[in-house]
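A short worksheet on the structure shown next.
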Protein chains: 2
Amino acid sequence: MATTSRAEHTRARVLDAALRTFAEGGLAGLTIQAIRDRCGVSVGSLYHHFGNRDGIALALYERSLLALLDRIQADALRTRSAKGLIRAMIVAYLDWVEANVDAARFLFAAPAELDPLASPALVQRKRARVLPLAQRALEHAAAGEVASLPPAYYELVVIGQVAETARRWLGGEPIDLGEARTILARTAWRALQP
Amino acid sequence: MATTSRAEHTRARVLDAALRTFAEGGLAGLTIQAIRDRCGVSVGSLYHHFGNRDGIALALYERSLLALLDRIQADALRTRSAKGLIRAMIVAYLDWVEANVDAARFLFAAPAELDPLASPALVQRKRARVLPLAQRALEHAAAGEVASLPPAYYELVVIGQVAETARRWLGGEPIDLGEARTILARTAWRALQP
DNA sequence: TGTACATCAGTGAACGCGCGTTCACTGATGTAC
DNA sequence: TGTACATCAGTGAACGCGCGTTCACTGATGTAC
């Protein structure tokens with residue numbers, strides 16, 4: 001094991017336990033004691049690694065968000081056409097949400113008590129994953145394949161639709177995510193028509 | 001004053017105080033004591049009218065949500081064309097958010113600890129305001145003005161874009177809401193093209 | 001209209017629980033020579 | 001390779017604060033006759 005490995009292992013165990021704790025009791029149930037009971041790590045150790053309760057929540061938020069963005073980026077950058085790019089983003093988003101229901105729920109819930117944008121490190125890591133996609137969108141726009149918009153709107157238009165869909169599905173509304181992939185790929189593509 | 005008027009007045013005072021309290025301290029700062037300090041209503045009276053803390057939060061959520069939906073419905077049902085309908089929904093949404101920043105923030109934050117769908121009365125009141133709009137969308141679809149989609153998607157596609165925009169603007173991202181009205185009205189309209 | 005009664009609205013002291021956090025400490029691991 | 005030391009990782013009892021909630025009560029308002 002490398003130098004930091006024991007610490008990394010402990011941190012991962014804690015975050016896994018935190019996610020399961022959130023899944024069962026929501027944000028209000030995400031207490032130091034509940035996490036501790038689940039992973040057997042001592043209270044002092046939790047503070048050693050994460051500073052305080054918010055530190056745990058923020059670390060879990062960061063791990064979840066970057067996993068989602070990595071997945072979207074990997075799938076999206078593999079495409080060539082503008083239509084393929086948009087479709088890949090939507091499919092990757094819903095794939096990830098379906099495979100990581102608890103983490104997705106946490107991503108939607110956490111900002112209510114956390115303000116993740118208050119962490120410059122996280123903002124930067126997020127930007128590093130979003131910018132290449134925005135870059136691609138701008139190239140497609142320059143080639144006349146999609147409409148020319150202020151850069152922020154590509155994300156708003158595409159992610160807005162799919163995030164709202166995911167949010168409601170996670171909230172228990174009867175939505176067929178298979179059907180949603182097809183329909184949203186089309187509506188998002190149409191939305192960006194020049 | 002009518003029979004229930006004193007109670008109604010007290011309830012309104014409490015909800016106003018709760019909203020201001022939330023605006024200053026977030027969900028975590030929304031405590032019984034903080035609300036009480038702000039409006040001067042006694043603890044016992046709070047429990048008399050709202051049952052418990054969640055009852056206050058739910059009542060505030062309901063008041064805010066219905067205000068937003070009433071505003072959207074009023075503006076949207078005044079339109080004739082499909083394009084006008086979509087534009088009216090987007091403009092009304094952003095108008096309301098801009099004029100009710102704190103309430104909008106609360107609407108986005110509250111579900112993290114509340115699950116408003118657990119209240120059948122609220123679900124029904126919400127549905128009563130959303131259904132007429134969905135009905136209009138279906139009529140426009142039948143007339144060939146917009147694409148035919150499973151009914152839920154009209155809301156997902158239009159509201160998704162504008163809600164994501166509002167959420168980010170409320171979160172402090174530098175978004176020009178005037179520009180957003182124009183752009184989103186166009187992207188949402190295009191998204192629903194047959 | 002006046003009176004007796006029932007219900008609604010409001011009060012505030014008191015309680016106990018559980019929460020986040022601290023801290024003095026031990027054990028494990030890495031580093032220098 | 002062995003030893004001494006420094007740093008990192010982990011422990012768990014203890015603390016105090018502030019939270020939501022209860023409850024016995026008073027005052028205000030509405031109702032019946």
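Chain letters run A, B, ... following the sequence lines, proteins first, then strands; residues in each count from 1.
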>> Please confirm whether the shortest side-chain N or O distance from B:His49 to OP1 or OP2 of C:dA9 is below 4.0 Å.
In response: no
>> Expressed as a whole number of angstroms, how long is the span from A:Arg6:CZ to D:dA9:C1'?
In response: 5 Å
>> One thing to verify: whether B:Glu24 and B:Arg38 come together as a salt bridge, which I'm taking to mean a side-chain N less than 4.0 angstrom from a carboxylate O.
In response: yes
> Tell me: CZ of A:Phe50 to P of D:dT11, nearest whole Å?
Replying inline: 13 Å
>> Please list all pairs meeting side chain to side chain donor-acceptor pair (under 3.5 Å) that have one or both residues in residues 42-60 of chain A, counting only residues at least two apart or in different chains.
In response: A:Arg53-A:Glu113
>> Once ring pair (Phe, Tyr, Trp, His ring centres under 6.0 Å) is applied, what residue pairs with a partner in residues 98-118 of chain B remain, sequence neighbours excluded?
In response: B:Phe22-B:Phe106
> Hey, what else clusters with A:Leu117 if you join Ile, Leu, Val, Met, Phe, Trp, Tyr whenever side-chain heavy atoms sit under 4.5 Å?
Replying inline: A:Val123
>> Which nucleotide wins on minimum distance to the side chain of A:Ser45, given the candidates D:dT11, C:dG10, C:dA13?
In response: D:dT11
>> When you measure from the side chain of A:Arg190 to the backbone of B:Gln193, do you find a donor-acceptor pair of N or O atoms at a distance under 3.5 Å?
In response: yes
>> Nearest to the A:His48 side chain among C:dA9, C:dA13, D:dA9, which nucleotide is it?
In response: D:dA9
> Taking only residues two or more places apart in sequence or in another chain, which ones pass salt bridge (charged side-chain N to carboxylate O under 4.0 Å, His left out) with B:Arg11?
Replying inline: none
> Using a cut-off of less than 4.0 Å, is there contact between a side-chain N or O of A:Ser42 and OP1 or OP2 of D:dG10?
Replying inline: no
> Whole-Å distance between D:dG10 C1' and A:Glu8 CD?
Replying inline: 16 Å
Could you go through nucleotides 15-20 of chain D and list every protein N or O atom that sits under 3.5 Å from one of its N or O atoms, giving the distance for each pair?
| unit_1 | atom_1 | unit_2 | atom_2 | d |
| --- | --- | --- | --- | --- |
| D:dG20 | OP1 | B:Arg53 | NE | 3.0 |
| D:dG20 | OP2 | B:Ile32 | N | 2.9 |

>> Could you check whether B:Asp95 pairs with B:Arg71 (Lys NZ or Arg NE/NH1/NH2 to Asp/Glu carboxylate O, under 4.0 Å)?
In response: yes
> Ion pair present between A:Asp102 and A:Arg20, side-chain N to carboxylate O less than 4.0 angstrom?
Replying inline: no
>> Can you measure A:Asp54 atom CG to C:dT21 atom C1' for me and round it to whole angstrom units?
In response: 13 Å
>> Taking Watson-Crick (N1-N3 plus N6-O4 or O6-N4) and G-U wobble (N1-O2, O6-N3), each under 3.5 Å, can you produce the dot-bracket string of DNA chain D? Use [ ] for crossing pairs and | for inter-strand ones.
In response: .||||||||||||||||||||||||||||||||
>> Does this structure show an ion pair linking B:Arg63 with B:Asp16, if we count only N-O contacts that are shorter than 4.0 Å?
In response: yes
